[in-house]
Structures are given as C-alpha cells and as structure tokens.
Amino acid sequence: MKFTILTLFPEIVRAYFEASVMKRAVAAGLIEYELVNIRDYAYDRHRKCDDEVFGGGAGMLLKPEPLDRALEAAGAPSVRTIFVTPSGRLFNQRMAQDFSREERLNILCGRYEGVDQRIIDTRVTDEVSIGDYVLSSGEVAAMVVVDAIYRLRPGVISGESLEEESFASGLLEYPQYTRPAVYDTMQVPDVLTSGNHAQIARWRLKASVAKTLAYRPELLSKDNLPSEVDSILREVIDEGGWHEPGTSDPGRTGQK
Ligand code: SAM
C-alpha cells in the first residue's frame, strides 16, 4: 500500500515513517510512502500557497492552484484522497478498515483556515476528522489516520493482536497485567493466573463490558456485539460497574 502525504511541512511527517513498526513495514516492502511538498507546485515568484478568505474573516486559506497541481500529480480523485479536517466525518476503526483495502491513498494536510472548497469538490474523496477539537494543522491528523490504517495491512502486525483490540469486538479492551503478579501489594486478578481459559475469556468480556459502559455507553447499543453481552451487562450494573482510575477500590483487582 502506498501513502502520499501532501503537506507544506513534510519534515513534520518524515520522522514518523522512519521509525519503529512503520520503518520495518517500509523496509519489508509492505508500505510505500511519498511526501509531497505542496509548495513545489506553486509557480509564482514567491511560491505563495495561501491567500485571504473571500467574504472576510480572520486567517488565510490554502490557494487552489498549487493544491490542484499537486493532487493531480498524485492521481486524485481516481486515487482515493482524504482531506483531514475538523469539519469532516469522524474517523473510526471501521473507516480505517475500509481505507486499508486501498492500494493507494492520498492524504491532504490543511493549514491556516483550511483549503479552498473547489479543491475539496474536485480532488477530495473523503473528508475525515480525527476528533471534536481543532489542531493547528493537518500533519498530526494525517499521521493518526495513516497509523490506524497501515497496521491493518496483512503482515504488518500479527492478526491475533488485532483481533483482541478495542473496537475489534465492538467493545473497549479489558485491563491487562504483566509480571510481577504482586506489585506494591496490588495483586493481579486470580483468574488471570488460573490457567482456566474459559474463565479468563469471561472475565475479560465482563471487564470490557464494564469499561465500555463507563466510557463509551453508546457502543453497547450496536448490534454486532457478542451474544453474551446483554446478560453480562446486567451483572455489571448489579455489581456497581467500572471503577475509574484514581477512585479507591480495593476490590477491583479481585474482580471475577
Ligand atoms: N478553519 C477550520 C475549521 O474551523 O474547521 C480549522 C482549520 S485548522 C486551524 C488547520 C488544519 O488543521 C485543517 O485544515 C486540518 O487539515 C487540520 N485539522 C485541525 N483539526 C483537525 C481535526 N480535528 N481533524 C483533522 N484535521 C484537523
């Protein structure tokens, strides 16, 4: 899969592609990337890429001409082209899965007040927001989107790790522990060291349901959840639900 990132600041994004799991995926030929500096497509004397907004208002907007040329060279809109913007559709795991099926993906990073609408109308196929807040520019959002997508590509990460994650089953992930089994008097739940896989699976599902109920209750009304969730949810509510970090709950680690 090839990512083409169109930005005024390729240096912000470069380090991301040159480290850790992404670096290995690139070295293994699983992922390709190209960083396009939009300014390279600005042909006037000052290589100007922004201008004032028609109708007035604070701030500048990315001009159409350099963007249009850069996006044309990147194959947009025949190549699926994401514009990261707070006014886009809220990004989620299902969208990441959908994008991960593409062989090529362009991501356009905005700056200042954003991008001339005519470019969005003619070159962009998907407007994507990473959350209900405003960042100063699109590079961090582009990295979030790339990161959620590329790890779903075959061979990048083991399939088992992906199956167990938050959202894979429609719920948030259960708490996890590693050695030592007792740390500073806090003990790992007995069931997790019992070796009883059926009980461990049930404990995990129950903890997932409890955490989802506390933090993301709207996920529990989706129809793709494991069939036992309804009965487990009743148990969780009867037992008082999830205990948030920072609340003292000596019984939490003993939860079964
Ligand atoms: N005027 C825009 C608005 O109110 O919707 C905000 C522009 S923001 C200061 C500059 C750029 O940062 C945007 O064009 C976009 O590329 C990026 N950006 C900011 N917040 C974002 C978010 N939540 N999701 C995706 N991209 C974002």
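Just so you know, these numbers use all the heavy atoms, side chains as well, and skip hydrogens, waters and symmetry mates. Ligands are counted one by one from 1 in listed order, and the atoms in each one are counted from 1 as well. Sequence positions, counted from 1, serve as the residue numbers for this chain.
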Among [options], closest by any non-hydrogen atom to [atom]:
atom: atom 24 (N) of ligand 1; options: I130, V140, L90; value: I130
atom: atom 9 (C) of ligand 1; options: T7, V84, L135; value: L135
atom: atom 23 (N) of ligand 1; options: Y133, Y112, F91; value: Y133

Do you know the tightest heavy-atom contact between R118 and P64? NH2-CG, 4.0 Å

Check each atom of ligand 1 against the heavy atoms of [X] and keep those under 4.0 Å away; list them by number with element.
X: G110; result: 11 (C), 14 (O), 16 (O)
X: G131; result: 23 (N)
X: V134; result: 6 (C), 8 (S), 9 (C), 20 (N)

closest protein heavy atom to atom 25 (C) of ligand 1 is T85 N, 3.3 Å

Protein contact of atom 21 (C) of ligand 1 - nearest heavy atom, named by residue and atom, plus distance: P86 CD, 3.4 Å

Same apolar cluster (I L V M F W Y, side chains within < 4.5 Å links), V21/L105: yes

Linking I/L/V/M/F/W/Y whenever their side-chain heavy atoms sit closer than 4.5 Å, directly or via other members, would V36 and F3 fall into one cluster? yes

Indicate yes or no: does [X] engage [Y] in a salt bridge with an N to O separation below 4.0 Å.
X: D50; Y: R111; answer: no
X: R151; Y: E165; answer: yes
X: D126; Y: R80; answer: yes

Could you tell me whether V128 approaches ligand 1 through its side chain, its backbone, both or neither, with non-hydrogen atoms closer than 4.0 Å? backbone

Taking 4.0 Å as the limit for heavy-atom contacts, which would you say applies to A141 with ligand 1: side chain only, backbone only, both, or neither? side chain

Salt bridge (Lys or Arg N to Asp or Glu O under 4.0 Å): pairs with one or both residues in residues 213-229, sequence neighbours excluded: R216-E218

Please identify which of these residues, E103, E34, E102, E32, meets the side chain to side chain donor-acceptor pair (under 3.5 Å) condition with K2. E34

Mind checking whether [X] has an N or O less than 3.5 Å away from an N or O of ligand 1?
X: E113; result: yes
X: F83; result: no
X: G114; result: no

If we count only non-hydrogen protein atoms and require a distance under 4.0 Å, does atom 4 (O) of ligand 1 qualify as touching the protein? no

Residues clustered with V53, ILVMFWY side-chain links under 4.5 angstrom: L61

